[in-house]
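Numbers restart at 1 for each chain; the letters A, B, ... are given by sequence-line order, proteins then strands. Nothing here was measured: the structure is a model prediction, and the numbers come from that model.
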Number of protein chains: 2
Amino acid sequence: MAGEVAPDASTLRPTQDQRGLSKSQAAYQWVKARIADGSYSPGYRLVLGQIAKELGVSVVPVREAIRMLEAEGMVTFERNIGAQVAMIDPREYEITMQTLSLVEGAATAMAAPLISVDALRRAREINDEMADTLAHFDPASFTRLNLEFHSVLFEACPNPHILDLVHRGWNRLRALRESTFSFVPGRARESVAEHSALLDLITGGADALQIELSARNHRLATLDAFLAQQAQANAPAQKGADQ
Amino acid sequence: MAGEVAPDASTLRPTQDQRGLSKSQAAYQWVKARIADGSYSPGYRLVLGQIAKELGVSVVPVREAIRMLEAEGMVTFERNIGAQVAMIDPREYEITMQTLSLVEGAATAMAAPLISVDALRRAREINDEMADTLAHFDPASFTRLNLEFHSVLFEACPNPHILDLVHRGWNRLRALRESTFSFVPGRARESVAEHSALLDLITGGADALQIELSARNHRLATLDAFLAQQAQANAPAQKGADQ
DNA sequence: GTATTTCAAATGATATACGATCTTGCCTAT
DNA sequence: ATAGGCAAGATCGTATATCATTTGAAATAC
């Protein structure tokens, strides 16, 4: 089965912390965690009986858990065939970034009038920290700080649906890419500058549309940098022959 | 139990058309259809054993079906208590319209370069039909044509995630309101005019942002008309005393 | 050697039984 | 009249057993 990885055998049973959960909820969280941490990679076959044995429960709650994951799109579940972790569309990163640019731009604009002075100061501090890390660049840290920065700006969005879509977008990115910045290192420096400009717009009380487009284009610029890098990496063999 | 309505006893068993479905899938579709058509209204208690009896299956596939609906947010399912149809947030219409204005605006703009001449002609015909119905106004017909019109404009959107969000928004609106136009009848005439202007932008090859904002603001104008009507309907008792 | 058939094993789907939990109504004490 | 306790009934959650379907390996036919 393509993409199949042996599951990690550690932490197999519901812990004491999960005493208040039904077995199906515990199974749901267990499987979801393994998908999120990569133990179960895209295409991996989820064998209900095995999972049930590992968790020490019957297949009935495991089936319920898989149904929930199916409804969330994380798993495909075919009658009489079984379940597997959903494959990732090769264009998924691009589609997700496009969608996120839209909803995050709007969330940032809607949140702007509601952000406290303290929060804005915090955002500047994070961006300064990001600038500091450029000298000895670690993509994982930069990416973590990047989310932290943007979270300050969008979490005050008053529309819970849009905010939820932003969260989903970020979660999906995490599953797709540990960090884009490892692929396009030069992008990090530009990002920090764009953050600063975005903060200036917000603190300067700029027009909502301007803020929205700035936040959106910031995300799209990261996508563009990645796509440009990919196009270069996939250049025709003639380029390679020159070297 | 608040909002409880007796379920419609017709069409209780999976039909021959559903032979290829698992029992859990059939139960899922059955319950989902009853929520969609209002037989199971918000807050209605879904008793697993009853549904199983009505469908002629055991509770096991019914539980799987409810898990899927839970993951989609249509149902709340509490351990040892049971399941009920999710309640509707009083602000849901506003939140949904805001979100839809955002994603539909973007979908319309992204689809614009991809719409065929035939499709654009079809959109104009629908809008003309909508204008014709203004003389003897029927909100339900107008709303149906309205969706048809907008579908022509957004279905060519190349980003499947954004398109899915548009579909979800329209589905959600359908569940919340049969038709906004029954509440704000004057809005229909303005809508038709705005459709025409939007079509002019698209056929004129206007800038994507202009198209997006036009489509978004069109949806927001309907929301604003509704909210203004609500505010007027809830005016203080003094107003009533004057009359 | 290749294609087809057969069969056993693995896995899926779900009914039934049973223990767990919650709700409701009745009774008793204050 | 109100509060608390208890039991019965309703319902939930899940283990187990059983039947259904699929998969893969071995045997057979050409």
Check your understanding: Is there a side-chain contact between A/Lys23 and A/Glu64 (heavy atoms, below 4.5 Å)?
Key -> no
Separation of [X] atom [atom1] from [N] atom [atom2], in whole Å?
| X | N | atom1 | atom2 | result |
| --- | --- | --- | --- | --- |
| A/Gln84 | C/dG12 | CD | P | 12 Å |
| A/Leu21 | D/dT14 | CG | C1' | 15 Å |
| B/Leu46 | D/dA10 | CG | C1' | 16 Å |
| B/Lys23 | D/dA20 | NZ | C1' | 11 Å |
| B/Lys53 | C/dA15 | NZ | P | 15 Å |
| B/Gln50 | D/dT11 | CD | P | 6 Å |
| B/Ile51 | C/dT14 | CD1 | C1' | 17 Å |
| A/Gln25 | D/dC12 | CD | P | 16 Å |

What's touching nucleotides 18-25 of chain C from the protein side, N or O pairs under 3.5 Å?
| from | atom 1 | to | atom 2 | distance (Å) |
| --- | --- | --- | --- | --- |
| C/dT21 | O3' | B/Asn80 | ND2 | 3.4 |

**Study point:** Sugar-phosphate, base or nothing in reach of B/Glu78, heavy atoms under 4.0 Å
**Key:** sugar-phosphate
**Study point:** Reported CD-to-CD1 distance for the pair A/Glu72 and A/Ile35, which is rounded to 0.5 angstrom
**Key:**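 Rounded to the nearest 0.5 Å, the CD-CD1 separation comes out at 9.5 Å.
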Review point. Going from CD1 on A/Ile51 to CD1 on A/Ile66, what distance comes out if it is rounded to the nearest 0.5 angstrom?
Key: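 The CD1 atom of A/Ile66 is 5.0 Å from CD1 of A/Ile51, to the nearest 0.5 Å.
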Is a side-chain donor-acceptor pair under 3.5 Å present for [Y] with [X]?
| X | Y | value |
| --- | --- | --- |
| A/Asp118 | A/Ser116 | no |
| B/Arg79 | A/Ser22 | no |
| B/Arg168 | B/Asn171 | no |

Exercise for review: Report yes if a side-chain nitrogen or oxygen of A/Arg45 is closer than 4.0 Å to either non-bridging phosphate oxygen (OP1 or OP2) of C/dG12; otherwise report no.
Suggested key: yes
Check your understanding: For residues 58-69 of chain B, which residues have at least one heavy atom under 4.0 Å from DNA chain C?
Key ->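 Within residues 58-69 of chain B, the residues near DNA chain C are B/Ser58, B/Val60, B/Pro61.
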Review point. Aromatic rings A/His150 and A/Trp170: how do their planes relate, parallel, tilted or perpendicular, breaks at 30° and 60°?
Key: tilted
Check your understanding: Is B/Glu155 salt-bridged to B/Arg122, going by a charged N under 4.0 Å from an acidic O?
Key ->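 No, no charged N to carboxylate O under 4.0 Å.
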**Study point:** Sidechain-backbone polar pair: A/Ser101 side chain, A/Gln98 backbone, donor-acceptor under 3.5 Å
**Key:** yes
